[in-house]
Amino acid sequence: MALFKRRTEGRPGEWFYCLRHQKVEEGPECRAADRFGPYATREEAAHAMETARERNLEWETDPRWHDRGTKDDPES
């Protein structure tokens, strides 16, 4: 018996952005490791890469997330 069942059909209104094919998909067409989502709308899924870039920039510039104590860090 499988621990997790693989869904072969998407749910209506469930949108994903496929990283491999660089396209928006309704429902899980590609494997989970190759997609972002789910998103509530097709438009949100279409902007998935932009959203990821914005979140990465926020994380990279947030002083609370910078590690201290490395040998190359003069402030450690």
Side-chain angles (χ1 to χ4, degrees):
M1 179 166 86
L3 183 59
F4 297 102
K5 291 184 180 180
R6 182 177 173 196
R7 287 189 324 176
T8 57
E9 294 181 17
R11 295 180 181 152
E14 197 174 57
W15 296 93
F16 297 88
Y17 182 80
C18 176
L19 300 166
R20 185 172 184 201
H21 299 110
Q22 299 179 354
K23 68 175 189 149
V24 174
E25 303 173 340
E26 185 173 14
E29 292 179 26
C30 291
R31 66 189 195 116
D34 292 332
R35 66 179 190 248
F36 286 157
Y39 295 95
T41 65
R42 181 179 187 88
E43 186 174 326
E44 285 180 26
H47 295 341
M49 293 303 293
E50 181 180 325
T51 302
R53 274 191 293 276
E54 289 171 359
R55 289 178 180 167
N56 284 344
L57 182 59
E58 287 176 20
W59 177 78
E60 290 169 358
T61 58
D62 188 336
R64 297 175 296 169
W65 294 104
H66 288 273
D67 293 334
R68 302 236 183 239
T70 62
K71 65 180 181 179
D72 297 329
D73 185 357
E75 294 183 20
S76 60

Undergrad: Can you tell me which residue among Q22, E25, R35 is in a side-chain contact (heavy atoms from CB on, under 4.5 Å) with Y17?
TA: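 Exactly one pass, corresponding to Q22.
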Undergrad: Could you pull out every donor-acceptor pair under 3.5 Å between side chains of residues 46-58 and any protein atom, sequence neighbours left out?
TA:
from: T51; atom 1: OG1; to: H47; atom 2: O; distance (Å): 3.0
from: N56; atom 1: ND2; to: A52; atom 2: O; distance (Å): 3.4

Undergrad: Quick check for you: to the nearest 0.5 Å, what is the distance between E44 atom CD and Y39 atom OH?
TA: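 If we round to the nearest 0.5 Å, E44:CD and Y39:OH are 8.0 Å apart.
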Undergrad: In terms of hydrophobic clustering (I, L, V, M, F, W, Y; side-chain heavy atoms under 4.5 Å; direct or indirect links), are F36 and V24 co-clustered?
TA: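 In one cluster with F36: V24, yes.
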Undergrad: Shortest non-hydrogen contact from W15 to T41?
TA: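 Taking every non-hydrogen atom into account, CD1-C, 3.5 Å.
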Undergrad: Give me the atom names and distance for the closest heavy-atom approach of E26 to G13.
TA: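 Where E26 meets G13 most closely, the heavy atoms are OE2-N, 3.2 Å.
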